[in-house]
Number of protein chains: 2
Amino acid sequence: MRLDETDKRILQLLQHDSKITTKEISYRLELSMTAIHERIKKLEREKIIANYVAILDKEKVEKNFMVFCHVKLIQHTKENVSKFEREILKLEEVLECFHVSGDYDYILKVYVKNMKAYRSFLVNKLTALNGIGSTQSTFMINEVKNSTNIQL
Amino acid sequence: MRLDETDKRILQLLQHDSKITTKEISYRLELSMTAIHERIKKLEREKIIANYVAILDKEKVEKNFMVFCHVKLIQHTKENVSKFEREILKLEEVLECFHVSGDYDYILKVYVKNMKAYRSFLVNKLTALNGIGSTQSTFMINEVKNSTNIQL
DNA sequence: ACTGAAAAGCGCATTGC
DNA sequence: GCAATGCGCTTTTCAGT
């Protein structure tokens with residue numbers, strides 16, 4: 001599906017605040033509510049919009065100890081890789097996991113309460129998985145920017 | 001504010017799908033709509049819920065070329081640092097930026113269309129900023145997990 | 001693909017329990 | 001802290017262009 005300028009502007013608004021009403025969008029884009037409504041429904045149907053979520057304040061829910069954990073596997077057999085990836089999905093502390101180029105195989109973004117909780121995660125959960133060669137942790141000192149908003 | 005189990009379950013549901021109705025939540029948690037409604041309002045008022053957003057399919061909007069860009073500053077004067085951080089906020093390709101421990105000062109998460117766009121970003125935008133010492137790019141080969149859902 | 005109006009459902013505030 | 005009511009707004013649908 002090709003997105004025109006109107007679609008992009010709608011997506012921009014929804015990425016910023018998904019609780020915005022069709023009425024408000026129609027007012028801003030100078031189109032009828034129905035037109036906006038149909039476009040949004042189409043964007044949802046086509047899964048351009050993957051989902052709508054609430055973003056929590058990580059500090060207030062006490063999960064603002066963030067660590068980038070670089071993981072290297074022992075060997076890259078198809079089995080090993082798919083096993084590791086399946087297990088990672090189950091670990092609630094891992095919000096993101098990317099297979100990457102470079103010195104390490106994976107980069108995990110881990111959110112926990114504090115260093116103690118991170119240690120526990122490393123020892124009891126991550127390194128408990130089979131096939132982990134080595135890990136290297138990079139700790140967040142400060143969050144400068146953390147957005148979900150893709151500019152179109 | 002302290003969160004009890006009910007709050008946590010509500011947040012869990014809203015993190016998964018913010019379009020869920022109070023009615024549906026009240027049904028699942030076996031509480032009245034009023035109770036659920038008041039709790040959600042409080043969670044919003046206290047900014048436990050930071051905001052509601054639409055998440056887009058990065059592939060479908062052609063921004064699925066993701067790079068972790070490690071940045072080292074030349075010198076860490078207060079001025080340099082705050083200038084850099086202010087400028088980063090303006091770069092739309094950078095969705096996330098963390099000041100981190102380790103060999104590099106910052107890790108940026110950059111989403112662009114393809115390698116050509118990334119090169120353009122690096123040359124024209126990032127390294128055009130003053131005070132950048134060096135950068136190192138780690139390219140995403142595959143996205144294993146990418147969630148915004150914090151387990152409480 | 002857009003408009004306008006009507007119908008259905010939900011959010012929200014209020015009242016009383 | 002919960003149930004019930006009613007109003008207003010929003011979403012959703014439908015006919016028309």
Side-chain angles (χ1 to χ4, degrees), chain A residues 1-63 147-152, chain B residues 1-64 113 147-152:
Chain A
M1 172 183 175
R2 244 196 72 77
L3 303 171
D4 65 13
E5 273 311 307
T6 305
D7 290 323
K8 288 182 184 176
R9 292 182 67 187
I10 292 172
L11 290 173
Q12 218 53 63
L13 292 169
L14 289 174
Q15 280 191 101
H16 179 254
D17 175 17
S18 64
K19 288 274 193 253
I20 189 171
T21 59
T22 330
K23 197 177 179 178
E24 175 70 18
I25 299 176
S26 67
Y27 174 73
R28 292 209 206 173
L29 305 197
E30 294 179 316
L31 274 166
S32 73
M33 277 174 55
T34 318
I36 301 294
H37 182 250
E38 278 172 0
R39 279 171 180 267
I40 293 176
K41 285 299 136 190
K42 184 165 188 190
L43 291 166
E44 290 170 352
R45 225 180 312 122
E46 304 266 350
K47 303 269 185 212
I48 309 278
I49 297 172
N51 54 348
Y52 296 99
V53 302
I55 304 290
L56 307 190
D57 185 312
K58 289 166 184 68
E59 209 168 316
K60 295 204 172 122
V61 297
E62 296 187 306
K63 298 282 183 186
S147 163
T148 53
N149 202 328
I150 293 177
Q151 204 75 24
L152 299 172
Chain B
M1 173 182 173
R2 246 196 70 77
L3 302 172
D4 66 11
E5 273 312 306
T6 305
D7 289 322
K8 289 181 183 175
R9 293 183 67 188
I10 292 172
L11 290 173
Q12 219 54 63
L13 292 169
L14 289 174
Q15 281 192 101
H16 179 253
D17 174 18
S18 63
K19 288 274 193 253
I20 189 171
T21 60
T22 330
K23 198 175 180 177
E24 174 70 18
I25 299 177
S26 68
Y27 175 71
R28 291 210 207 172
L29 304 197
E30 294 179 318
L31 275 166
S32 72
M33 278 175 59
T34 322
I36 301 294
H37 181 249
E38 278 170 2
R39 281 171 181 266
I40 293 175
K41 284 299 137 192
K42 185 165 187 191
L43 292 166
E44 290 171 353
R45 223 181 312 122
E46 304 266 351
K47 304 266 186 213
I48 310 277
I49 297 172
N51 54 349
Y52 296 99
V53 302
I55 304 290
L56 307 190
D57 185 313
K58 290 166 185 68
E59 209 168 316
K60 295 203 172 124
V61 297
E62 297 188 307
K63 298 281 185 188
N64 60 331
K113 184 176 181 182
S147 163
T148 53
N149 203 325
I150 293 176
Q151 204 74 25
L152 300 173

Report, one line per pair, each donor and acceptor closer than 3.5 Å where one atom sits in a side chain of residues 39-47 of chain A; sequence neighbours left out.
unit_1: A:R39; atom_1: NH1; unit_2: A:D4; atom_2: OD1; d: 3.0
unit_1: A:R39; atom_1: NH1; unit_2: A:D4; atom_2: OD2; d: 3.2
unit_1: A:R39; atom_1: NH1; unit_2: A:D7; atom_2: OD1; d: 2.9
unit_1: A:R39; atom_1: NH2; unit_2: A:D4; atom_2: OD2; d: 3.2
unit_1: A:K41; atom_1: NZ; unit_2: A:E44; atom_2: OE1; d: 3.0
unit_1: A:E44; atom_1: OE2; unit_2: A:Y52; atom_2: OH; d: 2.6

Practice task
Name every residue in residues 44-54 of chain B that has at least one heavy atom under 4.0 Å from any atom of DNA chain C, in order of residue number, or write none if there are no such residues.
Solution key: none
Completion exercise
Rounded to the nearest 0.5 Å, the CD atom of A:E5 sits from the CG atom of A:L152 at a distance of 9.0 Å
Exercise for the section: With rounding to the nearest 0.5 Å, note down the distance linking CD1 in A:I55 to CD in B:Q15. Expected result: 7.5 Å
Exercise for the section: For DNA chain C, determine which residues of residues 20-43 of chain B have any heavy atom closer than 4.0 angstrom to one of its atoms, and list them numerically. Expected result: B:T21, B:T22, B:K23, B:H37, B:K41
Practice task
Output the distance between atom CG (A:N51) and atom OG1 (B:T148), rounded to the nearest 0.5 Å.
Solution key: 7.0 Å
Fill in the blank from the handout: Residues B:A54 and A:S18: closest non-hydrogen pair is N-CB, 3.8 Å
Handout entry: Euclidean distance, B:K58 NZ relative to B:N64 CG, rounded to 0.5 Å
Key = 9.5 Å
Problem - Straight-line distance of A:I20 CD1 to A:L14 CG, nearest 0.5 Å - result: 7.0 Å
Problem - Check against side-chain contact (heavy atoms from CB on, under 4.5 Å), A:L3 and B:V61 - result: CA-CA 8 Å; A:L3 303 171; B:V61 297; 4.1 Å; yes
Pick out the pairs of N or O atoms, protein on one side and nucleotides 15-17 of chain C on the other, that lie under 3.5 Å.
none

Between side-chain atoms of residues 26-35 of chain A and protein atoms elsewhere (two or more places apart, or another chain), which donor-acceptor pairs fall under 3.5 Å?
unit_1: A:S26; atom_1: OG; unit_2: A:T22; atom_2: O; d: 3.3
unit_1: A:S26; atom_1: OG; unit_2: A:K23; atom_2: O; d: 2.6
unit_1: A:R28; atom_1: NE; unit_2: A:E24; atom_2: OE2; d: 2.9
unit_1: A:R28; atom_1: NH2; unit_2: A:E24; atom_2: OE2; d: 3.4
unit_1: A:S32; atom_1: OG; unit_2: A:A35; atom_2: N; d: 3.1

Exercise for the section: Quick one: pull up OG1 in B:T21 and CD1 in B:I36 and give me the separation to the nearest 0.5 Å. Expected result: 10.5 Å
Exercise for the section: Give a yes or no on this: more than 12 heavy atoms of other residues, nucleotides or ligands lie within 6.0 Å of atom NZ of B:K113. Expected result: no
Practice task
Tell me, please, the opening and closing nucleotides of DNA chain D, 5' to 3', among those with an atom under 4.0 angstrom from a non-hydrogen atom of chain A.
Solution key: D:dT10 to D:dC14
Completion exercise
Closest non-hydrogen contact found for A:Q12 with A:I150 is NE2-O, 3.6 Å
